[in-house]
Amino acid sequence: TTILQAAREADIYIPTLCDDPRLEPYGACRLCLVQVKGMPRPVTACTTPVSEGMEVQTSNEQIERIRKTIVELLLSDHPNDCMVCEKAGDCTLQELAYFYDLRKNRFWGERRQYNKTDANPFIERDMEKCVLCGKCVRVCEEIQGVAAIDIAYRGFKAKVCPPFEKDLNCEFCGQCVSVCPTGALIGKQSLGKGRQKDIKRVDTVCPYCGCGCNITLHVSRNEIIRVTSEPDTLNEGWLCVKGRFGFRFVNSPDRLKKPLIRRNGKFEEVSWDVALEYVAERLKKIKKEHGADAIAGLSSARCTNEENYLFQKFMRAAIGTNNVDHCARY
Ligand code: SF4
Ligand code: SF4
Ligand code: SF4
Ligand code: FES
């Protein structure tokens, strides 16, 4: 158990930027500095294990001064365009600036200037907003096992990027977006679609496969603009590219909402009653003329277990065939 874990269990707040309980401790941001009795200097709570009889001060004047200076230094090389930033309202850096009441910049100097162009379809990368917490790099390697990005260069030039600074070309699971504490990594599909405070959040289950990951739909002006997942869910907040970014079908004008029957070479919209009656008639006719095994049923992994159970029951008991399969086997 680290000091940070123990503090959280006891409901004691210690600010962090680079910590995520689902990742290995890293000790990059230094915001979690605490004073341990008998130690000459403050230590990072996220990397220091607790020991018997240890006395820890999680907050005092000196520690708060150090933390405040760290946030000031980060902000001194940060675009500070919260007014138009997608992350505003859900940004750890913004929250820290608020609680440390940082209104003026004490440190002036060179600022990083990076090109934002990245032709990948899903993730907007604005490395001027990166605080080098390393969470994206670690999640990509530790959780996703991909290692598509890393911290390149050193010192002031240190920067998170794919190899050779090429455009991001990975699995696009978006775990990196989900752990980024600032607006450095943002899903492209939500850009300009709604402020955090106006978003309605709807908890549901991903419809793509039988894993049934818990997801939260972010709805703005009656449109899904983003999908997230909370760390305390069955899937621990991790999603795949389909669950994270494959939601545009919901608002697609091409989406089928009513059954279609092809008549005279053209699809016609019909009611469910008409469609089901048509299917029933055709199934009966095929069975009568060619036998039950002339019919096969293909179900979907996107259905629930109960729906798939009913489907195989229908094929076996009502139609009379064992020709049943589902899309997940392909
Ligand atoms: S990343 Fe956070 S602090 Fe930076 S501009 Fe966006 S909201 Fe503001
Ligand atoms: S989207 Fe997934 S695979 Fe791609 S860089 Fe981010 S974490 Fe790695
Ligand atoms: S891009 Fe985000 S998660 Fe990655 S190091 Fe920068 S601030 Fe941290
Ligand atoms: S949370 Fe401990 S150093 Fe960042």
Side-chain angles (χ1 to χ4, degrees), residues 2-8 13-34 42-49 56 58 63 66-67 70-71 73-75 77-79 85-87 90-94 96 112 114 116 118 120-153 158-163 165-189 227 229 237-246:
T2 63
I3 297 175
L4 182 61
Q5 286 166 337
R8 282 186 177 152
Y13 173 71
I14 295 176
T16 63
L17 262 176
C18 72
D19 175 75
D20 186 309
R22 298 165 297 176
L23 302 175
E24 291 298 317
Y26 193 53
C29 73
R30 321 307 284 177
L31 267 176
C32 67
L33 286 175
V34 292
V43 295
T44 44
C46 67
T47 55
T48 309
V56 182
T58 57
I63 285 170
I66 296 173
R67 287 176 181 162
I70 291 170
V71 182
L73 284 166
L74 288 172
L75 287 173
D77 184 19
H78 193 91
C85 180
E86 292 291 327
K87 193 76 171 176
D90 184 29
C91 172
T92 313
L93 187 58
Q94 193 186 48
L96 288 163
R112 296 169 295 176
Y114 295 135
K116 261 202 287 183
D118 188 327
N120 84 74
F122 297 115
I123 300 173
E124 178 88 349
R125 299 169 55 243
D126 183 350
M127 289 305 112
E128 289 175 13
K129 290 184 179 171
C130 174
V131 293
L132 292 168
C133 68
K135 278 194 201 177
C136 55
V137 173
R138 286 178 286 144
V139 80
C140 191
E141 186 172 355
E142 288 175 29
I143 303 294
Q144 205 61 19
V146 174
I149 45 177
D150 208 337
I151 298 180
Y153 311 113
K159 176 186 182 185
V160 173
C161 56
E165 295 211 45
K166 290 191 172 161
D167 288 349
L168 188 59
N169 183 10
C170 60
E171 292 187 1
F172 294 115
C173 60
Q175 323 296 23
C176 51
V177 176
S178 75
V179 296
C180 182
T182 72
L185 298 174
I186 296 284
K188 284 187 176 175
Q189 292 171 99
V227 172
S229 183
W238 310 129
L239 297 173
C240 74
V241 60
K242 293 185 284 180
R244 177 95 55 199
F245 295 123

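Note that ligands are numbered from 1 as they come in the structure, with each ligand's atoms numbered from 1 the same way.
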### Evaluation steps, side chain to side chain contact (heavy atoms under 4.5 Å, CB included), between V179 and W238
CA-CA 10 Å; V179 296; W238 310 129; 3.9 Å; yes

task = Let me see the working for Y153 and E165 under side-chain hydrogen bond (donor to acceptor under 3.5 Å, both in side chains), right down to the final yes or no.
result = CA-CA 11 Å; Y153 311 113; E165 295 211 45; 2.6 Å; yes

If you scan protein heavy atoms around atom 2 (Fe) of ligand 2, the nearest is C173 SG, 2.2 Å

Numbered in order shown, the ligand 4 atoms found under 4.0 Å of a heavy atom of C29 are 1 (S), 3 (S), 4 (Fe)

Quick note on ligand 2: atoms under 4.0 Å from a heavy atom of C170 include exactly 1 (S), 3 (S), 4 (Fe), 5 (S)

L33 and R30 have their tightest heavy-atom pair at CG-O, 3.1 Å

| Would you say the side-chain atoms of Q175 pair up with the backbone N or O of I143, donor to acceptor, closer than 3.5 Å? | no

Looking only at heavy atoms, the pair that brings I70 and C29 closest together is CG2-O, 3.6 Å

Taking C-beta and beyond as the side chain, do D126 and I186 meet within less than 4.5 Å on heavy atoms?
no

Given R8 and D19, is the salt bridge (Lys or Arg N to Asp or Glu O under 4.0 Å) satisfied, shown in steps?
CA-CA 12 Å; R8 282 186 177 152; D19 175 75; 2.7 Å; yes

Per-atom filter on ligand 4: closer than 4.0 angstrom to a heavy atom of A28 are 3 (S)

With heavy atoms and a 4.0 Å threshold, my read on which part of C133 contacts ligand 4 is neither

Under 4.0 Å from one or more heavy atoms of C32, ligand 4 contributes atoms 1 (S), 2 (Fe), 3 (S)

One finds that the ligand 2 atoms under 4.0 Å from a non-hydrogen atom of I123 are 1 (S)

Ligand 2 to E171, heavy atom cutoff 4.0 Å, flagged ligand atoms 3 (S)

Open item on the list: Would V241 count as a contact residue for ligand 2, given that I'm defining contact as a non-hydrogen atom of the residue lying under 4.0 Å from a ligand atom?
Closed with: no

In this structure, atom 6 (Fe) of ligand 2 is nearest to the protein heavy atom C176 SG, 2.3 Å

Q) Taking the side chain as C-beta and beyond, is there a heavy-atom pair between V241 and F122 under 4.5 Å? A) yes

So the protein N/O/S atoms within less than 2.8 Å of atom 8 (Fe) of ligand 3 come down to C133 SG

Stepwise, does the side chain to side chain contact (heavy atoms under 4.5 Å, CB included) test hold for D118 with M127? CA-CA 11 Å; D118 188 327; M127 289 305 112; over 6 Å; no

Counting from 1 in the order shown, the ligand 4 atoms closer than 4.0 Å to a non-hydrogen atom of D19 are 1 (S)

Scanning both residues in full, the closest heavy-atom pair of C140 with I149 reads CB-CG1, 4.3 Å

shortest atom 8 (Fe) of ligand 2-to-protein heavy-atom contact is with C140 SG, 2.3 Å

Shortest non-hydrogen pair, G174 vs I123, comes out as CA-CD1, 4.5 Å

Quick note on ligand 2: atoms under 4.0 Å from a heavy atom of F172 include exactly 1 (S), 4 (Fe)

Residues A148 and L168: closest non-hydrogen pair is CB-CD1, 4.5 Å

Problem - Heteroatom N/O/S of C18 within less than 2.8 Å of atom 2 (Fe) of ligand 4 - result: no

If you scan protein heavy atoms around atom 1 (S) of ligand 2, the nearest is G174 N, 3.2 Å

Residues D167 and P162: closest non-hydrogen pair is C-CG, 4.1 Å

### Query
Can you find a pair of side-chain heavy atoms, one from T2 and one from T48, that are under 4.5 Å apart?
no

among protein heavy atoms, the one nearest atom 3 (S) of ligand 4 is R30 N, 3.2 Å

